[in-house]
A.B. asks: 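Please see the structure below; I have some questions.
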Amino acid sequence: PAAPVSRFARLKRMLQGPDLAFLMEAHSGLSARIVAEAGFEGIWGSGLSMSAAMGLRDNNEASWTQVLDQVEYMADASDLPILLDGDTGYGNFNNVRRLVRKLCERGIAGVCIEDKLFPKTNSFIGEAQPLADMEEFCGRIRAGKDSQTDPDFQLVARVEALISGHSMDEALRRAEAYHRAGADAILMHSKKRTAHEILGFMERWGDRCPVVIVPTMYYGTPTDAFRQAGVSTIIWANHLVRASITAMRETAATIRAEQSLTAIEGRVASVKDIFALMDNDELERAGDRYLPVV
Ligand code: SPV
Ligand code: MG
């Protein structure tokens, strides 16, 4: 049988290959299992979602090693490649170097870093957030690429120029600089309600290098439009944490109001379902092999 393809190589193939690929958000070991079960080929380790799951804001309130631990649970829970949302890289070039080394050690297939300042603020909060100096950010990219210990590790450079109210020319200038600095792909972010910015960027960018998008705000555009525009990868960025908020709220409110579980049982996953998701059968089989027969 063919040797299994590493997670690093699989993420690389998703980003660099000709077909439109999809990364689904996860924020915990459990949600990583759900993503795999649904049939996705890769995971977006969303900073917003991982923070929210910890009860924290998307402002680097979690330390980078706490993020590393969280993403390790996700890597342990499924064999899917993970693109970690590495925010700004948690500092300067030196912080990016150590981050990339640690991600490679833990089997995290790639990282996305954005051209902003530490501590970051979520892109959908406020206007005109300050951007990093372009050359300084190129240093972060080069330092990250020089630090990977797996040849297929992917570094995605995220351009926040459009989000921060800069021109398309500035977005293109930065994308070009990050591409030249060695980024494996560019994530062009937009918070417009339509995809005109992104489609306009795609037209001018051509096929210089793969482009990743996050259509959280312009979700109305058909996916085929992005496929035809030559987008490499779409990130569904936060929809599992949002789904869980809705489900948990409804469940908590119902149980509180009813003082009973009868309205809820059957509407929530069974306890058996938890055992199956966590592969309790494997533990049973391992016990047969390793525990003394009594
Ligand atoms: C995230 O999922 O944390 C992201 C995407 O960075 S966004 O929230 O759109 O900035
Ligand atoms: Mg983020």
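By convention here, the first residue in the shown sequence is residue 1.
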A.B. asks: Between Q148 and Q154, is there a side-chain donor-acceptor contact under 3.5 Å, judged purely by atom types and distance?
C.D. replies: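 No donor-acceptor contact under 3.5 Å links the two side chains.
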A.B. asks: From L117 CG over to N92 CG, what is the distance, rounded to the nearest 0.5 angstrom?
C.D. replies: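 Result: 12.0 Å between the selected atoms.
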A.B. asks: Is L48 reachable from I234 through a run of I, L, V, M, F, W or Y residues, each pair having side-chain heavy atoms under 4.5 Å apart?
C.D. replies: no
A.B. asks: Partners of E136 by side chain to side chain donor-acceptor pair (under 3.5 Å), sequence neighbours excluded?
C.D. replies: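 E136: side chain to side chain donor-acceptor pair (under 3.5 Å) contacts with R140.
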A.B. asks: Hey, does the side chain of E282 reach the backbone of M278 with a donor-acceptor pair shorter than 3.5 angstrom?
C.D. replies: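 Side chain of E282 to backbone of M278: no pair is present.
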A.B. asks: So which heavy atom on T216 is nearest to which on Y219, and how close?
C.D. replies: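 Heavy atoms only, the tightest pair is O-CD2, 3.3 Å.
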A.B. asks: Which distance, rounded to the nearest 0.5 Å, do you find between the CZ of R101 and the CG of D146?
C.D. replies: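 Nearest 0.5 Å value for the CZ-CG distance: 11.5 Å.
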A.B. asks: Shared ILVMFWY cluster between M202 and I163, side chains joined below 4.5 angstrom?
C.D. replies: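 No; I163 is not reachable from M202 via cluster members.
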A.B. asks: If I compare all heavy atoms of G139 with all of F93, which pair ends up nearest, and what's the gap?
C.D. replies: O-CB, 3.9 Å
A.B. asks: Can you get from F201 to L199 by hopping between Ile, Leu, Val, Met, Phe, Trp and Tyr side chains that sit under 4.5 Å apart?
C.D. replies: yes
A.B. asks: Report the C-alpha separation of D79 and R10 in whole Å, then their side-chain angles, then the decisive distance to 0.1 Å, and conclude whether the side-chain contact (heavy atoms from CB on, under 4.5 Å) test is met.
C.D. replies: CA-CA 11 Å; D79 77 340; R10 279 182 280 146; 4.3 Å; yes
A.B. asks: Name the one of I108, L103, V35, L11 that satisfies side chain to side chain contact (heavy atoms under 4.5 Å, CB included) with I82?
C.D. replies: I108
A.B. asks: Identify the residue among V211, L15, I186 that makes a side chain to side chain contact (heavy atoms under 4.5 Å, CB included) with S232.
C.D. replies: L15
A.B. asks: Verify, without hydrogens or angle tests, whether D85 (side chain) and S46 (backbone) share a donor-acceptor contact under 3.5 angstrom.
C.D. replies: no
A.B. asks: With the 4.5 Å side-chain cut-off for hydrophobic clustering, are L99 and I43 part of the same group?
C.D. replies: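 Yes, because L99 and I43 connect within a single hydrophobic cluster, where side-chain heavy atoms sit under 4.5 Å apart.
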A.B. asks: Flag the pair D288 and R285 as a salt bridge only when some basic side-chain nitrogen lies within less than 4.0 angstrom of an acidic carboxylate oxygen.
C.D. replies: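 Salt bridge absent between D288 and R285.
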A.B. asks: For the residue pair P81 and F8, establish whether any side-chain heavy-atom pair is separated by less than 4.5 Å.
C.D. replies: no
A.B. asks: With salt bridge (Lys or Arg N to Asp or Glu O under 4.0 Å) as the rule and sequence neighbours excluded, what pairs involving residues 172-191 come up?
C.D. replies: D115-R174, E127-K191, K145-D184, E170-R173, E170-R174, E176-R180, E176-R208
A.B. asks: Given 3.5 Å as the limit, does a donor-acceptor pair link the side chain of S164 with the main chain of H166, or not?
C.D. replies: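 Answer holds: no.
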A.B. asks: Under 4.5 Å between any side-chain heavy atoms of M168 and L172, yes or no?
C.D. replies: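 Touching, per the 4.5 Å side-chain cut-off.
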A.B. asks: Please give me the minimum heavy-atom distance between W44 and C112, naming the atom from each residue.
C.D. replies: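 It is CZ3-CB, 4.0 Å.
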A.B. asks: If I compare all heavy atoms of A171 with all of A161, which pair ends up nearest, and what's the gap?
C.D. replies: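 Between these two residues, the closest heavy atoms are CA-CB, 3.8 Å.
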A.B. asks: Salt-bridge test for K102 and E105: reply yes if a basic N is under 4.0 Å from a carboxylate O, no otherwise.
C.D. replies: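 Salt bridge present between K102 and E105.
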A.B. asks: Distance-only check: which donor-acceptor pairs under 3.5 Å involve side-chain atoms of residues 17-29, not counting sequence neighbours?
C.D. replies:
| residue | atom | partner | partner atom | Å |
| --- | --- | --- | --- | --- |
| E25 | OE1 | H239 | N | 3.2 |
| E25 | OE1 | L240 | N | 2.7 |
| E25 | OE1 | V241 | N | 3.1 |
| E25 | OE2 | H27 | ND1 | 2.5 |
| E25 | OE2 | S49 | OG | 3.4 |
| S28 | OG | S31 | N | 3.0 |
| S28 | OG | S31 | OG | 2.8 |

A.B. asks: Of all heavy-atom pairs between I141 and A181, which one has the smallest distance, and what is that distance?
C.D. replies: CG2-O, 3.8 Å
A.B. asks: Go through D133 and F137 one step at a time and tell me if the side-chain contact (heavy atoms from CB on, under 4.5 Å) criterion holds.
C.D. replies: CA-CA 6 Å; D133 173 81; F137 190 71; over 6 Å; no
A.B. asks: When rounded to the nearest 0.5 angstrom, what is the spacing between CG in N280 and CD1 in I274?
C.D. replies: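 Taking CG in N280 and CD1 in I274, the distance rounds to 10.0 Å.
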A.B. asks: Run W205 and H179 through side-chain contact (heavy atoms from CB on, under 4.5 Å) and show every step you take.
C.D. replies: CA-CA 11 Å; W205 182 249; H179 168 50; 3.9 Å; yes
A.B. asks: R158: what forms a side chain to side chain donor-acceptor pair (under 3.5 Å) with it, not counting sequence neighbours?
C.D. replies: E114, S123, E160
A.B. asks: Is there a side-chain contact between V212 and I235, using heavy atoms and a 4.5 Å cut-off?
C.D. replies: yes
A.B. asks: Between L83 and Y178, is there a shared hydrophobic cluster once you connect ILVMFWY residues whose side-chain heavy atoms come closer than 4.5 Å?
C.D. replies: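 No, it is not one cluster - the side chains of L83 and Y178 are not joined through contacts under 4.5 Å.
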A.B. asks: So, taking the atom named CD in E61 and the one named OG in S51, what distance separates them when rounded to the nearest 0.5 Å?
C.D. replies: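 One finds 8.0 Å between CD of E61 and OG of S51.
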A.B. asks: Show your reasoning for whether side-chain contact (heavy atoms from CB on, under 4.5 Å) applies to H189 and V159.
C.D. replies: CA-CA 6 Å; H189 207 5; V159 180; over 6 Å; no
A.B. asks: Minimum heavy-atom separation for M14 to T233, with atom names?
C.D. replies: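 Shortest heavy-atom separation between M14 and T233 comes out as O-OG1, 3.7 Å.
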A.B. asks: Taking only residues two or more places apart in sequence or in another chain, which ones pass ring-ring contact (aromatic ring centres under 6.0 Å, His included) with F153?
C.D. replies: none
A.B. asks: Is it true that atom CZ of F124 has more than 12 heavy atoms of other residues, nucleotides or ligands lying nearer than 6.0 Å?
C.D. replies: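 Counting neighbours around CZ of F124, more than 12 heavy atoms of other residues, nucleotides or ligands fall under 6.0 Å, so yes.
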A.B. asks: Indicate yes or no: at least one non-hydrogen side-chain atom of D58 is less than 4.5 angstrom from one of T121.
C.D. replies: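 D58 vs T121: side chains apart.
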A.B. asks: Contact between T88 and I113 at the side-chain level, heavy atoms closer than 4.5 Å - yes or no?
C.D. replies: no
A.B. asks: Roughly how far, to the nearest 0.5 Å, is the CG atom of L131 from the NZ atom of K116?
C.D. replies: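 Here the rounded value is 8.5 Å.
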A.B. asks: Quick one about H196 and T194 (side-chain donor to acceptor, distance below 3.5 Å, no hydrogens or angles considered), yes or no?
C.D. replies: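 Yes, side-chain donor-acceptor contact under 3.5 Å.
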A.B. asks: Not counting sequence neighbours, which residues clear salt bridge (Lys or Arg N to Asp or Glu O under 4.0 Å) with E41? List them please.
C.D. replies: none
A.B. asks: Return yes when atom CZ of R33 has more than 12 non-hydrogen atoms of other residues, nucleotides or ligands closer than 6.0 Å, and no otherwise.
C.D. replies: yes
A.B. asks: So with a 6.0 Å cut-off around CG of D224, is the heavy-atom count from everything else above 12?
C.D. replies: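 For D224, atom CG is crowded (more than 12 foreign heavy atoms under 6.0 Å).
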A.B. asks: Taking transitive links into account, so neighbours of neighbours count too, which hydrophobic residues share a cluster with L56 at under 4.5 Å side-chain distance?
C.D. replies: M54
A.B. asks: Would you please name every residue forming a ring-ring contact (aromatic ring centres under 6.0 Å, His included) with F226, sequence neighbours left out?
C.D. replies: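 Only Y218 meet the ring-ring contact (aromatic ring centres under 6.0 Å, His included) criterion with F226.
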A.B. asks: Return a table of donor-acceptor pairs under 3.5 angstrom between the side chains of residues 252-265 and protein atoms on other chains or two or more places apart.
C.D. replies:
| residue | atom | partner | partner atom | Å |
| --- | --- | --- | --- | --- |
| T254 | OG1 | E250 | O | 2.8 |
| S260 | OG | T262 | N | 3.0 |
| S260 | OG | T262 | OG1 | 3.0 |

A.B. asks: Suppose we screen for ring-ring contact (aromatic ring centres under 6.0 Å, His included). Which residues come up paired with F118, at least two apart in sequence or across chains?
C.D. replies: none
A.B. asks: For M188, does its backbone N or O pair with a side-chain atom of E197 as donor and acceptor, under 3.5 Å?
C.D. replies: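 No; judged by distance alone, with no hydrogens or angles, the pair does not exist.
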A.B. asks: Can you list the residues that meet the side chain to side chain donor-acceptor pair (under 3.5 Å) rule with D76, with sequence neighbours excluded?
C.D. replies: none
A.B. asks: For D69, what residues pass the side chain to side chain donor-acceptor pair (under 3.5 Å) criterion, not counting sequence neighbours?
C.D. replies: R106
A.B. asks: Would you give the length of the straight line joining atom CE of M74 to atom OG of S78, rounded to the nearest 0.5 angstrom?
C.D. replies: 8.0 Å
